[in-house]
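Heavy atoms only: backbone and side chains are in, while hydrogens, waters and symmetry mates are out. In this chain, residues are counted from 1 in sequence order. Small disclaimer: the values here were computed from a predicted structure and weren't measured.
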Amino acid sequence: MLRSFRLFVLLLLVGSLTTERASARNEYAEILRLRSKNESVRGIRSMADGEHYTVIKDNNIIRYRYDSESAGERLLPATTPKITDYIFSPDEQRILIASGRTPIYRRSYTTTYHLAADGKVEVALPDAVAPRDASFSPDGRLIAYSDANDLYVRDVVAHTTRRITDDGAWNTVINGTTDWVYEEEFGNTRAYAFSPDSRQIAYLRFDERHVSLMEMMRFDSKLYNKAFSFKYPKAGERNSIVELWIYDLTTGTKKRINTGAETDQYIPRIGFAPNGRLWFYRLNRRQNKFEMILCEPEGAQKTIYSEGAQQYVERVDDQTVTFVDKDRFLVRQESHTGYMHLYLYSIRRGLLAQVTKGAWEVTDVVGTDGKRVWYLSTETSPLRRNLYSVALNGKDKQRLTTGEGFYSVAPSAGMKYCITTFSNATTPNRVEVCDGEGRPIRTLADSRTLREELVAAKHPIKEFFTFATERGDTLNAYILKPTDFNPAKRYPVLLTQYSGPGSQSVQDRWSMDWEYALVDKGYIVVCADGRGTGFRGEAFKKRTYGRLGALETEDQISLARYMAAQSWIDATRIGIYGWSYGGFMALSCALKGHGLFRMAIAVAPVTSWRYYDTIYTEIYNGLPQYNASGYDDNSPINFARMLDDSRTRLLLIHGTADDNVHFQNTIEMTRALNRYGKQYDMMVYPDQNHSMRPNDAINVRQKMIEYTLEHL
């Protein structure tokens, strides 16, 4: 009889769990449905006259006026191939359309290019096999592109193709596009530039023959598994040797540009200044000295900007330098004052003015008309972004957006108009056309259906707060509470975080992900940005330098203790989750928390910074040859013995085709846990990348919901 009763109870529990899991799946489907209603405008491009813009809509390119509402003009025939991306020729007589996308890594992909002109659409690059990174020359006659690691130029008038390089080969030499680590960490794949007169093309050549080979086993082959091999430089190891070349399209000759005697360095960007001179960025291996070099006639060179830092110069990108005219340029940097600000320089005279100043940061340079600069900043709050403009001498600063939340901006040519996208914790996207003073002209999208559904269903809303750690540091955070929250009850809490250097998870903008399904089930979700995160000044961000994971783990454990002290929190039911750097942190907290965390989920975690790439790891942790303790003292692998598996349930999740944080990280973590006889759970996604794509981005979130409901 007792046995039958136990079986009956077990069946009830299994039935309840099955219902709970099915509900979780339904709830995540609901989250996806709601997120799909957060409206945006896709493919915004300003036209050269500054009076019109184009967007992608109904697989066509539609042209509108900024200043008045209209039905718009369709620029392509109805039978146009699927539009993935597009660019206009400078004279706007042709449109280059990328159709389809075959991913290589995170940003890179091959595609089929079509050329639209005179109401017709035809194949743009008939000689190409797997083209990528195509763009027009300034005169609109030529299209440059990369194919199988070589650089080509197509003459769309003469219908001829010229091969610029002929030594490109997989895992050997790359011309005109970037290698894996440049793509991932410097955020660009196109590594060539036309001169303003279209007579020359400069390009980078990556020699990666001495870079170590990484092999990932693929399980999607028919019968026998095959390894996918690619060059991946891990911390302290050899990088590609990068050279800068220039090819004369008139004479067919090319020459190498002197980039200095040092080859163990980075050349993150190249281009041509408005005065026609070639320029390039130069960054040393430690990434604490940055220079911008201008190539003068007859081989002479001039350093027009230089910046050094004791620890590192913040990652350079397309917005580090913005040319104003043939002599002046803006620089966005933090080394002078400890906050990211704008400075006006002259090629001939050097520093002219500090344009912005204050205990806040310029996050984006939107544009300039030669007299003023428009930019986004954190002046009202580190959690928010607003649009401002200021004269180039630093005077007459004006705030142009009025919403309290997060703006992104697409400007018109000449800065007469802009299209803003705004949201905050309570308001999904609102997209508006504004004039140059920020005054709204009309609304393009307002997510009204979503707003009404959120209000009707009383979905949880982020509440922002700050708390002080035991060490006296004040951290920004948000909390999500069930809509029927009762302070007399006690709730389980999940900490969600990323925590990486310069990152920001606590933002006053609308978002919704899998954690919301937990809130609907009676859980509380909390997120805090600890030391080392961004937008609070250089000193706060760089405190974690040389010891990644040490201070960040302290801060997340402090958050867990802070929450445990609240009367409405069940201190025995605290969990933590993170992905990538956040996975590294979730693991670290689970191991060092001494049973404080009942559950931890680590997705695609770094488990030793020795396994991660050169550019990212070394900028924040130095080279392992000179900072071994910074790599080993906080590696989760070295703390596997500390997992209290009687109190902390650990789930490791990883994709086997993760080219970013290699599956090796999780394998070595499990090896260490096994060595100490620790119990843990694991979910493996065959042939999925760092984002669990192409197939399992949804499945992994369903798994996390169900695991949390079962174990927290």
Would you please name every residue forming a salt bridge (Lys or Arg N to Asp or Glu O under 4.0 Å) with Arg63, sequence neighbours left out?
Glu73
Mind checking salt bridge (Lys or Arg N to Asp or Glu O under 4.0 Å) for Arg693 and listing every partner two or more places apart, or none if nothing turns up?
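Not a single residue meets the salt bridge (Lys or Arg N to Asp or Glu O under 4.0 Å) criterion with Arg693.
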Hey, does the side chain of [X] reach the backbone of [Y] with a donor-acceptor pair shorter than 3.5 angstrom?
X	Y	answer
Ser137	Leu142	yes
Ser46	Ser412	no
Ser447	Asn38	no

Kindly determine whether Arg536 and Asn476 satisfy side-chain contact (heavy atoms from CB on, under 4.5 Å), including the steps that lead there.
CA-CA 10 Å; Arg536 293 184 59 184; Asn476 293 322; 3.7 Å; yes
According to the interplanar angle, ranging from 0 to 90°, do the rings of [X] and [Y] count as parallel (below 30°), tilted (30 to 60°) or perpendicular (above 60°)?
X	Y	answer
Tyr498	Tyr581	tilted
Trp360	Tyr388	parallel
His341	Tyr339	tilted

Could you tell me the separation between the NE2 atom of His114 and the CD1 atom of Ile83, rounded to the nearest 0.5 Å?
11.0 Å
Nearest 0.5 Å please: distance from the CD1 atom of Ile419 over to the CG atom of Leu444.
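Output value for this atom pair is 5.5 Å.
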Sequence neighbours excluded, every pair satisfying salt bridge (Lys or Arg N to Asp or Glu O under 4.0 Å) that has a member inside residues 83-100
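Those involving residues 83-100 are Arg45-Asp85.
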Does anything in residues 329-340 pair up under salt bridge (Lys or Arg N to Asp or Glu O under 4.0 Å), and if so which pairs, sequence neighbours excluded?
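Every pair satisfying salt bridge (Lys or Arg N to Asp or Glu O under 4.0 Å) with a residue in residues 329-340: Asp317-Arg332, Glu334-Lys541, Glu334-Lys542.
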We want to know whether [X] and [Y] form a side-chain donor-acceptor pair, criterion being a heavy-atom distance below 3.5 angstrom.
X	Y	result
Thr496	Glu515	yes
Asp446	Thr443	no
Asn429	Thr421	no
Gln310	Asn288	no
Tyr375	Ser389	no
Ser499	Gln497	yes

Are [X] and [Y] packed together at the side-chain level, in the sense that at least one heavy-atom pair is separated by less than 4.5 angstrom?
X	Y	value
Phe464	Leu383	yes
Trp510	Asn424	no
Leu376	Asn386	no
Thr322	Phe329	no
Gln504	Thr533	no
Tyr312	Glu314	yes
Leu400	Cys418	no
Phe136	Leu96	yes

Over 12 foreign heavy atoms within 6.0 Å of [atom1], [X]:
X	atom1	result
Arg448	CZ	no
Lys57	NZ	no
Gln354	CD	yes
Arg65	CZ	yes

Residues in side-chain contact (heavy atoms from CB on, under 4.5 Å) with Asp369, at least two apart?
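Partners of Asp369 under the side-chain contact (heavy atoms from CB on, under 4.5 Å) test: Lys371, Arg372, Trp374.
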Tell me whether [X] is salt-bridged to [Y], with the criterion being a basic N under 4.0 Å from an acidic carboxylate O.
X	Y	answer
Asp364	Arg385	no
Glu618	Arg286	no
Glu432	Arg430	yes
Arg531	Glu552	no
Asp318	Arg269	yes
Arg282	Glu291	yes

Going by the side chain to side chain donor-acceptor pair (under 3.5 Å) test, name the single residue among Asn188, Thr189, Thr177 that passes it with Asp133.
Thr189
[X]-[Y] aromatic ring centre distance below 6.0 Å:
X	Y	result
Tyr266	Tyr281	no
Tyr545	Tyr620	no
Tyr343	His336	yes
Tyr53	Tyr417	no

side-chain hydrogen bond (donor to acceptor under 3.5 Å, both in side chains) between Tyr86 and Thr54, worked out:
CA-CA 10 Å; Tyr86 73 100; Thr54 56; 2.7 Å; yes
For Lys462 and Asp508, run salt bridge (charged side-chain N to carboxylate O under 4.0 Å, His left out): C-alpha distance rounded to whole Å, both residues' side-chain angles, the deciding distance at 0.1 Å, then the answer.
CA-CA 8 Å; Lys462 292 178 185 175; Asp508 190 4; over 6 Å; no
Output, in order, the C-alpha distance, side-chain angles, deciding distance and verdict of salt bridge (charged side-chain N to carboxylate O under 4.0 Å, His left out) for Glu183 and Arg106.
CA-CA 8 Å; Glu183 172 182 336; Arg106 186 193 295 265; over 6 Å; no
Run the side-chain contact (heavy atoms from CB on, under 4.5 Å) check on Val242 and Asp179 step by step: do they pass?
CA-CA 10 Å; Val242 183; Asp179 68 358; 5.8 Å; no
Row check, Phe290 ring normal vs Arg315 NZ/CZ: under 6.0 Å, within 45°:
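No - Arg315 does not lie over the ring of Phe290 by the 6.0 Å and 45° rule.
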For Ser381, which residues count as a side chain to side chain donor-acceptor pair (under 3.5 Å) partner, sequence neighbours excluded?
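Scan of Ser381 (side chain to side chain donor-acceptor pair (under 3.5 Å), adjacent residues dropped) gives none.
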Can you list the steps and then say if Arg277 with Glu296 is a salt bridge (charged side-chain N to carboxylate O under 4.0 Å, His left out)?
CA-CA 7 Å; Arg277 303 287 185 246; Glu296 302 281 17; 3.7 Å; yes
Checking salt bridge (charged side-chain N to carboxylate O under 4.0 Å, His left out) for the pair Glu404/Arg384: CA distance, chi angles, key distance, verdict?
CA-CA 7 Å; Glu404 297 302 329; Arg384 296 170 178 165; 3.0 Å; yes
